[in-house]
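This one's a predicted model, so the numbers in the text were calculated from it and none came from an experiment. Chain letters run A, B, ... following the sequence lines, proteins first and then strands; every chain starts at 1.
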Number of protein chains: 2
Amino acid sequence: MQDRRPTIEDVARVAGVSRATASRVINNGRGTSAEARSRVHQAVDRLGYRPNPAARMLALGRTDVIDLVAVGFETDSARFGTNPYLSRVVAGALAALAGTDTHLRVRLLAEGAAHRSIDEIARTTTQGAILVNVPPPLATRFHDRCERVVSLGATADRVPAVEARNAQGAHAAVTHLHDLGRRRIAAVHGPAGNTCAASRRVGHLDAIRATGLPDITGDGQFRREAGYRATARLIATRPDIDAVFAASDLMAAGAIQALTAAGRRVPDDVSVVGFDDSVIATAVNPPMTTVRLPVEEMAAAATRTLLDGGAAARWRLVFPVDLVVRASAAGAAPAGTT
Amino acid sequence: MQDRRPTIEDVARVAGVSRATASRVINNGRGTSAEARSRVHQAVDRLGYRPNPAARMLALGRTDVIDLVAVGFETDSARFGTNPYLSRVVAGALAALAGTDTHLRVRLLAEGAAHRSIDEIARTTTQGAILVNVPPPLATRFHDRCERVVSLGATADRVPAVEARNAQGAHAAVTHLHDLGRRRIAAVHGPAGNTCAASRRVGHLDAIRATGLPDITGDGQFRREAGYRATARLIATRPDIDAVFAASDLMAAGAIQALTAAGRRVPDDVSVVGFDDSVIATAVNPPMTTVRLPVEEMAAAATRTLLDGGAAARWRLVFPVDLVVRASAAGAAPAGTT
DNA sequence: TTGTACGCGTTATCAG
DNA sequence: CTGATAACGCGTACAA
């Protein structure tokens with residue numbers, strides 16, 4: 001059917017001009033006669049010509065793509081879509097890329113066999129890569145092969161990273177619950193291998209110790225189902241729990257469901273605080289008090305750093321976090337706001 | 001600091017071989033002596049050589065990127081991250097791309113000035129583009145400039161599309177509520193310009209007419225806040241409402257919040273059904289009965305079509321939808337399952 | 001204003 | 001097994 005994609009050569013021939021003129025017309029039209037412009041444009045339309053991006057990039061010597069590489073949060077990669085985090089990262093990165101001629105390429109790695117993939121990605125990365133949820137060893141490996149990289153969230157020492165004050169956020173969350181009069185605060189933590197989860201553990205423990213509260217802890221892998229189960233187990237063990245701090249909004253959502261199923265009212269009987277301020281936090285019932293992570297801003301900052309040529313090893317940029325108070329853990333009764 | 005990225009020429013020189021040999025070694029190593037292989041690999045490591053993707057693509061004559069172009073669901077592009085839809089599309093597309101050497105490029109268009117952008121994207125698209133939430137006129141314009149395109153969800157007639165049986169889903173949802181004994185079913189619809197929203201309106205209206213129920217309708221723009229407001233307004237107008245069908249999970253989440261704020265219990269007093277089966281549906285309290293849209297499968301199908309060279313004008317692929325029954329609108333009391 | 005000629009970095013072809 | 005050399009499609013000095 002189609003012989004071959006038409007090249008600028010074909011356009012020039014049809015228009016009766018030289019390649020150079022055709023190129024000039026197509027790119028900006030400067031220094032060309034109206035006559036030539038019209039004929040070239042006509043030829044372009046007739047042939048359906050579209051420049052070959054590869055050739056153009058090669059000739060201009062510009063690289064124009066930033067990779068967003070994420071390791072699957074969910075074991076099943078098909079379920080990655082349930083993670084409310086990625087789209088915020090994409091949004092932030094794209095916001096930073098607006099007005100640039102740089103594009104965003106998204107890559108998703110299965111949790112298991114990511115070693116080979118990481119090598120291949122490092123090899124083909126041009127402008128740079130943003131690492132999301134990439135475990136420290138893998139991040140180091142990437143950095144060894146390609147220095148133009150920024151991790152979103154703390155990772156291996158050497159790898160440049162944009163971080164958030166996770167420990168401080170967890171501390172603020174627990175303190176808030178304490179201020180509400182809660183004294184038996186359960187914590188549902190994230191996966192042990194995750195650096196963000198680790199920081200939140202630290203902040204939680206600090207606050208627990210500072211206030212002299214008991215350490216009631218469960219594990220939730222950041223996932224809702226696990227948050228549900230962990231909370232159900234905690235209730236069974238310690239029926240007197242009066243608050244839950246979860247290290248992610250999804251787990252907090254699971255906690256609310258588990259508490260409701262167990263006959264506890266939120267926030268009357270038990271207060272709940274989440275972490276992230278993802279879309280989940282505002283969608284659940286009651287709306288969720290949570291620690292806001294400025295994901296979009298962080299992703300934008302990482303992107304800009306890459307656009308500027310990358311960062312030195314060990315480079316860090318730290319963002320503050322905010323406690324957003326909603327109905328699931330509030331003082332008076334500001335309840336159901338829209 | 002760095003003069004210039006090393007080329008394969010440099011590698012060849014350092015290794016003391018020709019470009020051709022270096023290329024052979026780097027690509028697959030077939031038909032090369034162990035001696036040559038070792039020297040080339042050493043040179044590569046020493047120089048930190050990484051092949052130029054543009055040059056490689058040009059030489060191979062292969063295009064290797066599919067564009068995912070979405071028009072902002074939210075007016076504020078920074079809030080795009082709150083949409084639970086995109087990540088499912090990304091997940092589906094990437095699943096179809098696994099094992100391929102084709103990459104996924106994500107583009108986000110502001111709702112307003114998208115005309116110029118669409119032209120630029122159509123011009124630089126190579127392997128093809130997946131259109132998400134692109135209004136019919138814009139989709140047509142894109143198709144005029146680049147035929148390798150598939151729309152996710154119905155759009156202009158001519159543009160190839162992967163669709164879901166939206167009308168059928170809405171019909172099933174309303175019928176389900178009717179089967180539960182609900183007789184005053186309110187509907188919260190999506191934006192008028194959106195084709196999916198339109199189909200769901202049709203399905204809803206059909207079911208309403210078939211069962212002889214009153215038509216109680218509000219508008220929600222697919223967004224949670226609007227769903228909240230629309231529901232609040234409907235309750236005020238018709239306090240006897242005993243069910244809500246919302247054309248998106250986000251709006252259904254808003255509806256649940258509004259009902260709770262108004263003192264109604266879900267599902268005891270009012271049943272609620274959403275649409276999408278996004279992460280929202282499982283995270284809310286109570287878990288939401290909803291119409292499952294196989295977004296991942298649809299995105300994967302669209303991607304495969306593009307990989308296979310695209311589709312003819314007016315091509316259609318239609319997916320079935322499923323009613324997923326959870327606690328927010330259920331028969332007996334299967335309530336809080338995890 | 002236009003055309004000629006070369007370079008961008010890589011891979012494939014074809015002798016040796 | 002290796003090394004010249006010719007594409008690949010485009011942009012742009014430079015010369016006309």
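Within 6.0 Å of atom CZ in Arg46(A), 12 or fewer heavy atoms from other residues, nucleotides or ligands are found, so the atom counts as exposed in its surroundings. Within 6.0 Å of atom CD in Glu120(B), more than 12 heavy atoms from other residues, nucleotides or ligands are found, so the atom counts as buried in its surroundings. Counting heavy-atom neighbours within 6.0 Å of Glu297(A) CD, excluding the residue itself, gives a total above 12.
Side chains of Arg62(A) and Asp101(A) form a contact here, defined as non-hydrogen atoms less than 4.5 Å apart. Counting only heavy atoms from C-beta outward, the side chains of Ile66(B) and Thr303(B) approach each other to under 4.5 Å. Between Pro191(A) and Phe222(A) there is a side-chain heavy-atom pair separated by less than 4.5 Å. Contact of the Arg314(B) side chain with the Asp157(B) side chain is registered, since non-hydrogen atoms from C-beta on lie closer than 4.5 Å. Residues Thr155(A) and Val134(A) are not in side-chain contact: their nearest non-hydrogen atoms beyond the backbone lie 4.5 Å or more apart. Residues His143(B) and Pro160(B) have side chains in contact (heavy-atom distance under 4.5 Å, counting atoms from C-beta outward). Inter-residue side-chain proximity for Leu68(B) and Leu86(B) is flagged as met; some heavy-atom pair is nearer than 4.5 Å. Contact of the Leu307(B) side chain with the Gln127(B) side chain is registered, since non-hydrogen atoms from C-beta on lie closer than 4.5 Å.
For DNA chain D, the residues of residues 11-18 of chain B within the heavy-atom distance limit of 4.0 Å (strictly under) are Val17(B), Ser18(B), sorted by number.
Mapping Glu35(B) and Ala55(B) onto DNA chain D by nearest heavy atom places Glu35(B) closer to the 5' end of the strand.
With sequence neighbours excluded, the residues forming a side-chain hydrogen bond (donor to acceptor under 3.5 Å, both in side chains) with Thr21(A) are Ser18(A), listed by chain and number. Partners of Glu163(B) by salt bridge (Lys or Arg N to Asp or Glu O under 4.0 Å), not counting sequence neighbours, listed by chain and number: Arg316(B).
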Readout for nucleotides 11-16 of chain D: B = base within 4.0 Å of protein heavy atom, S = sugar-phosphate only, - = neither; 5' to 3' it is BB----
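Note that the first and last nucleotides of DNA chain C, 5' to 3', having any atom under 4.0 angstrom from a heavy atom of chain A are dT1(C) to dG9(C).
At the heavy-atom level, Gly31(A) lies under 4.0 Å from base atoms of the strands shown. Within 4.0 Å (heavy atoms only), Ala54(A) reaches no atom of the nucleic acid at all.
In the helix from dT1(C)-dA16(D) to dG16(C)-dC1(D), the terminal helix axes, each the rotation mapping four pairs' C1' atoms onto the next four within five end pairs, subtend 40°, rounded to 10°.
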